**Q** 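Below is one structure. I have some questions about it.
The structure displayed is predicted, hence computed values, not measured ones. In listed order, ligands and their atoms are each counted from 1.
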Amino acid sequence: MTTRVRGGRYIVRGEAVIGGSIRVSGAKNHALAAMCAALLTDEDVILENVPFITDVDSLADLLRSLGARVERLADGALRLNASGVTTCEAPTELISENRASFQVMGPLLGRHGFAASAPPGGDVIGQRPIDVHLSGFEAMGAVVTREGERFVARAPAGLTGTRVFMDYPSVSGTQNVMMAAVLARGHTTIVNAATEPEVQELCHMLNAMGARISGIGSQMLEIDGIERLRGTRARIMPDRIEAGTWAIAAVITGGELFLEDAPWDVMDALLHKLRATGATITTGPRGMHVRGSQPIRAVSFQALPYPGLATDLHAPFGALLTQANGVSIIHERVFDNRMLYVSELRKMGAEIVSTGSSAIVSGPTPLHGTRVRALDVRAGAAVLLAAMAAQGTTVIDDIYHLDRGYEHLDDKLRTMGVEVERA
Ligand code: EPU
């Protein structure tokens with residue numbers, strides 16, 4: 001596992017000429033949920049294609065602190081075994097490192113009848129409540145209390161399946177409640193479930209472990225509880241957000257990239273919008289090819305739950321629109337504080353104004369290198385993309401945020417033709 005160090009800095013030479021082929025890594029958000037699912041069984045869970053990113057490291061540390069074994073095998077796969085779980089109380093300092101960590105609650109509660117955790121950490125991209133998670137646990141019979149900074153969920157006699165309405169189709173909320181429900185007595189219906197591809201993949205993995213989940217991919221999940229789950233071997237899907245980030249890199253620089261393994265069949269919204277900017281995209285069994293063209297046309301978009309344009313691609317797409325010809329309007333419909341990247345892009349010369357959850361971008365404006373910060377993982381991707389297109393050299397501080405979500409970043413950037421130095 002790599003060491004997690006805050007800070008770090010990139011020095012990026014602008015006007016990059018992007019080309020070549022990049023393999024898309026395993027999806028962060030699928031990997032993190034799948035790691036939590038390993039808590040549901042005594043048997044080995046082996047996950048292939050888990051990215052080497054610090055969010056995986058911090059969740060692995062959290063699982064170990066609960067008594068689970070987590071190790072990288074020689075072939076790179078991650079083996080998890082939760083037969084030795086000794087505590088269902090997540091240490092606060094580890095929970096606060098990433099948002100996904102709260103997803104240990106559902107599996108622990110479902111299997112052991114008890115779970116305790118502080119609210120999760122993660123990016124500062126808005127209020128990130130967990131009411132949907134907690135009310136799902138309560139609907140299944142758990143008693144949830146707030147003890148100091150921790151939420152404690154108790155169901156000593158086990159959970160009982162029921163009808164759970166999600167007040168918002170929360171991704172991790174759906175996953176958390178679903179992981180609790182697979183071991184509940186009886187039948188659970190989750191209404192207004194998230195349909196993100198990572199949620200669907202988690203459903204398939206749980207079914208491979210013996211769970212009975214149907215309605216996968218719909219907003220209504222039906223779950224028949226069973227007594228125990230077995231181990232499994234699963235492959236983490238390629239990361240649609242990483243693929244989207246590199247697709248935008250090709251377009252913003254007027255270059256081209258082949259993105260091996262890009263999961264284009266779950267990226268319709270992005271491909272639709274990129275084509276509207278004038279990009280040429282071809283898809284095939286091995287991945288997708290993206291070619292940018294000049295001028296880039298302005299397009300407006302809304303960031304939405306799946307299958308809408310992913311909120312995690314909002315900031316990267318916002319960076320692209322600074323180079324588009326005309327006025328683009330952006331509406332963020334998922335998080336209430338996704339606009340952190342705007343101030344950083346403005347330092348580079350972008351004309352963007354944001355108000356509330358909307359932004360207006362006027363382009364094209366020449367971007368120039370300066371000193372900016374990666375304020376969260378995707379805001380960091382936005383300044384990185386802008387730096388590739390800018391004139392001169394950009395210094396990006398706090399790139400530890402990028403390391404949370406982008407595997408082998410330095411190597412990949414150099415392979416695609418970006419001159420970058422890590423300091
Ligand atoms: N929400 C509620 N109540 C809840 C939970 C969420 O109102 O109990 C609201 C939030 O306030 C927010 C919206 O629901 O406005 C979406 O939040 P959601 O719970 O769906 O997001 P998440 O599960 O915390 C995951 C990803 C995010 C991604 C979102 C949306 C993981 C670990 N994280 O977060 O990924 O942006 O879904 O797709 O799966 C990233 O990778 O950079 C990242 C932030």
**Q** Does any part of the side chain of P120, heavy atoms only, come nearer than 4.5 Å to the side chain of I130, both counted from C-beta?
**A** yes

**Q** Check the side chains of T145 and E147 for a donor-acceptor pair under 3.5 angstrom, ignoring hydrogens and angles.
**A** yes

**Q** If we only count N/O pairs under 3.5 Å, is V334 in contact with ligand 1?
**A** yes

**Q** If hydrogens are left out, which of I241, N29, L313 has an atom nearest to atom 32 (C) of ligand 1, that is, the closest non-hydrogen atom?
**A** N29

**Q** Regarding K28 and D312, does a basic nitrogen lie under 4.0 Å from an acidic carboxylate oxygen?
**A** no

**Q** What part of D131, side chain from CB on, backbone N/CA/C/O, both or neither, has a heavy atom under 4.0 Å from ligand 1?
**A** both

**Q** What atoms of ligand 1 come within less than 4.0 Å of a heavy atom belonging to V377?
**A** 42 (O)

**Q** Please could you name the atoms of ligand 1 that R338 approaches to less than 4.0 Å, counting only its heavy atoms?
**A** 36 (O), 44 (C)

**Q** Quickly, which of L40, L159, I226 forms a side-chain contact (heavy atoms from CB on, under 4.5 Å) with V182? Name it, please.
**A** L40

**Q** Tell me whether P129 reaches ligand 1 (any heavy atom closer than 4.0 angstrom to a ligand atom).
**A** yes

**Q** Show the atoms of ligand 1 that are less than 4.0 angstrom away from any heavy atom in S172.
**A** 19 (O), 22 (P), 23 (O), 24 (O)

**Q** Any chance the side chains of D410 and Y10 put a donor and an acceptor closer than 3.5 Å?
**A** yes

**Q** Using a 4.0 Å cutoff against the non-hydrogen atoms of V132, which atoms of ligand 1 qualify?
**A** 3 (N), 4 (C), 8 (O)

**Q** Is the count of non-hydrogen atoms from other residues, nucleotides or ligands lying under 6.0 Å from R163 atom CZ greater than 12?
**A** no

**Q** For T311, take its heavy atoms, then give the atoms of ligand 1 lying under 4.0 Å from any of them.
**A** 30 (C), 36 (O)

**Q** Heavy atom under 4.0 Å from ligand 1: found in E198's side chain, backbone, both, or neither?
**A** neither

**Q** Please compare N176, V171, V177 and report which has the shortest non-hydrogen distance to atom 25 (C) of ligand 1.
**A** V171

**Q** Taking 4.0 Å as the limit for heavy-atom contacts, which would you say applies to D312 with ligand 1: side chain only, backbone only, both, or neither?
**A** side chain

**Q** Run the side-chain hydrogen bond (donor to acceptor under 3.5 Å, both in side chains) test on T160 and R185 for me, step by step, so that the C-alpha distance in whole Å, both residues' side-chain angles and the decisive distance to 0.1 Å come before the verdict.
**A** CA-CA 5 Å; T160 308; R185 260 187 317 276; 3.3 Å; yes

**Q** Could you check whether R233 pairs with E48 (Lys NZ or Arg NE/NH1/NH2 to Asp/Glu carboxylate O, under 4.0 Å)?
**A** yes

